[in-house]
Amino acid sequence: MHNIQFIRENPSEFDALLGKRGLEPCAESIIEIDKKRREIIHSAETAKAEQNAASKEVGAAKARGDEEEFQRLRALVGEKKAEIAQAEIDAKTADDELRNLLMSIPNLPFEDVPNGADENDNVEIRKWGIPAALNFDAKEHFEIASIAQHFDFERAARLSGSRFVILRGAIARLHRALGQFMIDLHVNEHELDEVFTPVLVRDEALYGTGQLPKFAEDSYKVDGEHWLIPTAEVTLTNMVYGEIVDGAELPMRMVAQTQCFRSEAGSAGRDTTGMLRQHQFEKVEMVTICDPNTSHEELERMTKCAETILQKLELPYRTVALCTGDMGFGARRTYDIEVWLPGQNTYREISSCSNCGDFQARRMNSRFRADDSKPEFLHTLNGSGLAIGRCLIAVVENGQQADGSVNLPEVLHKYLGGATKIDISGKLI
RNA sequence: GGAGACGUGGCCGAGUGGUCGAAGGCGCUCCCCUGCUAAGGGAGUAUACCUCAUAAGGGUAUCGAGGGUUCGAAUCCCUUCGUCUCCGCCA
């Protein structure tokens, strides 16, 4: 949510930065609404002050036992009541109107975020690893001879519909191993704090991170009151919902592995084969809650944490800075990490790391206090570290051999009981 | 799921319709006293918003949250969230 004070003081900067996202200028109309709101609040508060003062006189008259004066004042105050009640309703309405408006406007990109309309304008900032030169036609993950049988889309569809998968045997185990590996690395080497969270949350949590009110159709609502989280960003970030955190506890660097649920509304026809885009998938998510002064460097750190996973898995990738038009609602800066998928002969997104500034903190009313100073809004960051299903795809596609077997990255061996590959029969050996 | 109890400031805790943003204690900050330490004395110690000269000051709201009753609510009523105890169920 935006800071109205900032908009009042920097209307043209506000419009210019939103313009980079392709939005029309709106500062002037916001300021107009705010001005009206303040006038209404002022008159309501003035009326209320008069009523409060009068009530005190009533109380005083009662206290000294002046029954006649008590009755007279009481009637007098009673008369003004309706008028004041209406003024208070108007003030609340005006306040809500501004709040709802501010809630529905996306975050401002940082000045140096590349300008652009869509993903074609994203800027590659690093590249790591060299895709292996294969002397055979690379297959997609579900086509690789040894493991095709382990992806059971038909049965999953029978149970749950399209965009679900059942994993079996060596692939199910590899999937589990990947999550373990990622968490261990983040906890042991990156010093992230491991967290287990619910996957069902209330409305408030989704408002806090920005999925609501605008993107309700992207998530699943169950039992009329809970939502299935689309990402653990929701639960980890909302850890500090409504809190004033002790500055000494910052930064809070957290990691959690959870199921994620997305309706994929609006993605009809995209990535319909394979398990690249699912309604339910597993992801290791990193969230950092920090002091505003450190959020820039924390984003770099977080992005490195995600990249390290790919390096240890020996998977070629590139890191791109998203352009203004491609960034998500709450982000001020986003780096996407794209992993090489030989079967598609292209890089595909496997992680997205964003600095949200104080945007989510304002929605959550999450602040911190450093020493004796006043509470200040926190900064929040989130990033995948990594999407496990997509990582599974990358591991098998990059490890595939001419005979249809799959070589596995060394760091995973110990998570697979010492196995180093999946042989042509689909077994870990 | 059923029954009951409870939810007050950084913490503990008083307050059951009237001047309560809230006694008292702890903690913290500053000052005084005390040749270190301990003890003692004094002052201060919430947040948001509105107004205003980005001063001083004034105002509104907040006693889990949201409504209501009343001239007036931390105190009464309703709803809701949470915690605890007992029962049920369950991994």
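Everything numeric in this text was worked out from a predicted model, so none of it was measured. Every chain is numbered from 1, with letters handed out A, B, ... down the list of sequences.
A:Asp95 places its CG atom 10 Å from the C1' atom of B:C50, with the value rounded to the nearest Å. To the nearest angstrom, P of B:G10 lies 7 Å from CD1 of A:Ile244. The CD1 atom of A:Ile40 sits 13 Å away from the P atom of B:U51 (whole-angstrom rounding). When rounded to the nearest whole Å, the span between CG of A:Asn3 and C1' of B:U54 equals 14 Å. Computed from coordinates, the A:Asn365 CG to B:A46 P distance equals 18 Å when rounded to whole Å. Atom-to-atom, CG of A:Asp90 to P of B:C50 comes out at 18 Å; the value is rounded to the nearest Å. Note: CZ (A:Arg367) to C1' (B:A48) measures 8 Å, nearest angstrom. Atom CZ of A:Phe368 and atom P of B:G10 are 17 Å apart (whole Å).
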Tabulate protein N/O versus nucleotide N/O from nucleotides 77-82 of chain B, keeping only pairs under 3.5 Å, one per line.
{"from": "B:C81", "atom 1": "O3'", "to": "A:Arg202", "atom 2": "NH2", "distance (Å)": "2.3"}
{"from": "B:G82", "atom 1": "OP1", "to": "A:Arg202", "atom 2": "NH2", "distance (Å)": "2.5"}

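Rounded to a whole angstrom, the distance from the P atom of B:C11 to that of B:A5 is 26 Å. The separation of B:C26 from B:U85, taken at their C1' atoms, amounts to 29 Å, rounded to a whole angstrom. Spacing between B:G18 and B:U75 at atom C1', rounded to whole Å, works out to 11 Å. Separation of the P atoms belonging to B:U80 and B:G42 is 50 Å when rounded to the nearest angstrom. Nucleotides B:G17 and B:G25 have their P atoms positioned 26 Å apart, rounded to a whole Å. The same atom, P, is picked in B:A48 and in B:G10; the two are 12 Å apart, to the nearest Å. To the nearest whole angstrom, the two P atoms, one in B:A61 and one in B:G67, are 13 Å apart. To the nearest whole angstrom, the two C1' atoms, one in B:C76 and one in B:U70, are 10 Å apart.
Separation of atoms CG (A:Leu378) and CG (A:Leu250) is listed at 6.0 Å; rounding is to 0.5 Å.
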For RNA chain B, the dot-bracket pattern of Watson-Crick and G-U pairs whose distances stay under 3.5 Å, | for other-strand partners: ((((((((.[[[..)..(.....]]]((((((.......))))))((((((.....)))))).[[[[[..)....]]]]])))))))....
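Annotation: A:His279 is not in aromatic contact with A:Phe261 [ring centroid separation under 6.0 Å not met].
Residues that satisfy the side chain to side chain contact (heavy atoms under 4.5 Å, CB included) test with A:Asn122, not counting sequence neighbours, are A:Glu119, A:Val320, A:Leu322, A:Cys323, A:Asp326.
Checked for salt-bridge contact, A:Lys312 and A:Glu189 meet the test: a charged N lies under 4.0 Å from a carboxylate O. Using a 4.0 Å cut-off between a side-chain N of Lys or Arg and a carboxylate O of Asp or Glu, A:Asp95 and A:Arg99 do not qualify as a salt bridge.
At the heavy-atom level, A:Arg99 lies nowhere under 4.0 Å from the strands shown.
Between the side chain of A:Arg301 and the main chain of A:His190, a donor-acceptor pair closer than 3.5 Å is present. Judged purely by atom type and a 3.5 angstrom limit, A:Gln149 uses its side chain to pair as donor or acceptor with the backbone of A:Ser146.
The closest side-chain donor-acceptor pair between A:Gln180 and A:Asp184, if any, does not fall under 3.5 angstrom. The closest side-chain donor-acceptor pair between A:Thr319 and A:Glu307 falls under 3.5 angstrom.
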B/S/- contact track for nucleotides 58-72 of chain B, protein heavy atom under 4.0 Å: -BBS-----S--BBS
Distance-only criterion, 3.5 Å: show the donor-acceptor pairs between side-chain atoms of residues 354-365 of chain A and protein atoms not counting sequence neighbours.
{"from": "A:Ser354", "atom 1": "OG", "to": "A:Thr334", "atom 2": "OG1", "distance (Å)": "2.8"}
{"from": "A:Asn355", "atom 1": "OD1", "to": "A:Gly357", "atom 2": "N", "distance (Å)": "2.9"}
{"from": "A:Asn355", "atom 1": "ND2", "to": "A:Ser295", "atom 2": "OG", "distance (Å)": "3.0"}
{"from": "A:Asp358", "atom 1": "OD2", "to": "A:Arg362", "atom 2": "NE", "distance (Å)": "3.2"}
{"from": "A:Asp358", "atom 1": "OD2", "to": "A:Arg362", "atom 2": "NH2", "distance (Å)": "3.4"}
{"from": "A:Gln360", "atom 1": "OE1", "to": "A:Thr380", "atom 2": "OG1", "distance (Å)": "2.6"}
{"from": "A:Gln360", "atom 1": "NE2", "to": "A:Thr209", "atom 2": "O", "distance (Å)": "3.1"}
{"from": "A:Gln360", "atom 1": "NE2", "to": "A:Glu233", "atom 2": "OE2", "distance (Å)": "2.8"}
{"from": "A:Arg363", "atom 1": "NH1", "to": "A:Tyr207", "atom 2": "O", "distance (Å)": "2.8"}
{"from": "A:Arg363", "atom 1": "NH1", "to": "A:Leu212", "atom 2": "O", "distance (Å)": "3.2"}
{"from": "A:Arg363", "atom 1": "NH2", "to": "A:Met103", "atom 2": "O", "distance (Å)": "2.2"}

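For residues 3-31 of chain A, the side chain to side chain donor-acceptor pair (under 3.5 Å) pairs, not counting sequence neighbours, are A:Arg8-A:Asp34.
Across all their heavy atoms, A:Cys290 and A:Leu381 have their closest contact at SG-CD1, 3.7 Å.
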